[in-house]
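Notes follow once the structure below has been shown.
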Amino acid sequence: MTVTEQEITDYVARVRAALADLPTTQRDELTEDLADHLTEVAAESEGTLVERLGEPETYATELRAAAGAAPGSGRNLDQRVASAMAGVRGRLRAMDTRLGPPLGYATASDFLRLLRPAWWVLRGYLAAMLVTVVTTGGEFGLLPRLGGELLAGLIMLIGFVLGSIWIGRRSAQLTRWPRSVVQVSSAVLVVFALAALVQAEDRMRYGDYGYDPTAVDSQYDRVRDVFVYDSEGRLVENARLFDQNGNPIRLGYPDCLDGAYKDSTLRAYPYCPEQAPFVPRAPGAPLPPTPDPSSTPDPSGTPEPTGTPEPTGTPLPTGTVTGLPPSETPTPTPTG
């Protein structure tokens, strides 16, 4: 097994952590040529540095004794952290070696290196989709959009993919902090991709018109169904509602349907036609009469005149009722 530069760096870090109680000058003198020495040891024979030289803490004890320094009084925080990190790296290396043969390679990392160009492209795509979610309020499809514009989103996608490839090809030359930024950013994109997959899986299970709970304290949170009528008073079944952006509007829940809580495919509006607030009118039936506001009875009880006023200002005889034929005019009754 070839010793990598990272393994040498980790070994030196653990040795320095074990000598953390010594003065800085003395510790630097003891570990000044340690990396070169470990490189020579790695080139002499096969095996890890731990197999050849022992644990870094043991090696540090030997360096301390050779320099005549006082033995350390217990492990400090740096030593414990270094040992814990080394243990994690050791387990990861063992897993890497164990998973390699089933993939046809000595280690799994050898196989994953072949997939790096694909990851660079995918990383640029995920970055563009993340910007899409931020600039469009959480709605997204398969193609990125910048502020809702598809062309701008495609230009952004090309730029992000090229930038990701450029960073990937030069990741080996990056220093510690830039490399850490790239790794953290990649982890954020992976979490975003997993969340997007979960949302896509929910859309496939429940459909585009399935039930979507409304927000708490919304004015529509108590809506159980939606009934759509046309201009002639007929109930429109299998109706679907959309907002101005083409996104489906989903309200209510079909409690009246059998197995509504088990069926993942929900019908369109109305869910329960038998609960319509107005009786659906059959096609071709006359429209219901529209009440005339002028025929509404006067609350005071005084009937309003219904006859046609005379075109002239001549007063009518006493007792004459307007709007009746002359034959039906009642005869005035003497009052004296």
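Residue numbers start at 1 and run along the sequence shown.
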(Q) side chain to side chain contact (heavy atoms under 4.5 Å, CB included) for Arg145 and Thr135? Distances and angles first, verdict last. (A) CA-CA 8 Å; Arg145 297 175 182 270; Thr135 58; over 6 Å; no
(Q) For residues 101-134, which residue pairs pass the ring-ring contact (aromatic ring centres under 6.0 Å, His included) check, not counting sequence neighbours? (A) Tyr105-Phe111
Does one hydrophobic cluster hold both [X] and [Y], with members joined at side-chain heavy-atom distances below 4.5 Å?
| X | Y | value |
| --- | --- | --- |
| Leu115 | Leu103 | yes |
| Leu22 | Tyr59 | yes |
| Tyr11 | Ile8 | yes |
| Tyr271 | Val236 | yes |
| Leu189 | Ile165 | yes |

How long is the straight-line distance from [atom2] of [Y] back to [atom1] of [X], given to the nearest 0.5 Å?
| X | Y | atom1 | atom2 | answer |
| --- | --- | --- | --- | --- |
| Phe192 | Met129 | CZ | CE | 6.0 Å |
| Leu151 | Leu143 | CG | CG | 12.0 Å |
| Glu29 | Leu63 | CD | CG | 12.5 Å |

Q) Can you name the side chain to side chain donor-acceptor pair (under 3.5 Å) partners of Ser109, sequence neighbours left out? A) Asp96, Thr107
Within the structure provided, determine whether [X] and [Y] are in side-chain contact (heavy-atom separation under 4.5 Å).
| X | Y | answer |
| --- | --- | --- |
| Ser171 | Val182 | no |
| Thr61 | Glu57 | no |
| Glu62 | Thr58 | yes |

(Q) Let's go through Thr31 and Arg16 carefully: what are the C-alpha distance in whole Å and the side-chain angles of both, what is the deciding distance for side-chain hydrogen bond (donor to acceptor under 3.5 Å, both in side chains) to 0.1 Å, and is it a yes or a no? (A) CA-CA 7 Å; Thr31 59; Arg16 290 181 60 85; 2.8 Å; yes
Please check: side-chain N/O of [X] versus main-chain N/O of [Y], any donor-acceptor pairing under 3.5 Å?
| X | Y | result |
| --- | --- | --- |
| Asp230 | Glu232 | yes |
| Arg123 | Ser185 | no |
| Tyr229 | Phe278 | yes |
| Ser164 | Val161 | no |

Q: Could you check Asp33, Val15, Val12 and say which one makes a side chain to side chain contact (heavy atoms under 4.5 Å, CB included) with Leu38?
A: Val12
Q: Under the side chain to side chain contact (heavy atoms under 4.5 Å, CB included) rule, what do Gln275 and Asp225 come out as? Steps first, then yes or no, please.
A: CA-CA 9 Å; Gln275 298 180 7; Asp225 203 347; 5.5 Å; no
Evaluate whether atom [atom1] of [X] has more than 12 neighbouring non-hydrogen atoms of other residues, nucleotides or ligands under 6.0 angstrom away.
| X | atom1 | result |
| --- | --- | --- |
| Glu149 | CD | no |
| Leu142 | CG | no |
| Arg179 | CZ | yes |

Q | Qualifying residues under salt bridge (charged side-chain N to carboxylate O under 4.0 Å, His left out), relative to Arg113, sequence neighbours excluded | A | Asp110
Nearest heavy atoms of [X] and [Y], plus distance in Å:
| X | Y | result |
| --- | --- | --- |
| Ala108 | Leu99 | CB-CB, 3.9 Å |
| Phe227 | Cys272 | CE2-O, 3.3 Å |
| Ala106 | Pro101 | O-CD, 3.9 Å |
| Met156 | Ala128 | CE-O, 3.4 Å |
| Asn247 | Asp243 | N-OD1, 2.8 Å |
| Gly124 | Leu157 | O-CD1, 4.3 Å |

Q: May I have the step-by-step check of side chain to side chain contact (heavy atoms under 4.5 Å, CB included) for Leu130 and Leu126, ending in yes or no?
A: CA-CA 6 Å; Leu130 182 58; Leu126 293 177; over 6 Å; no
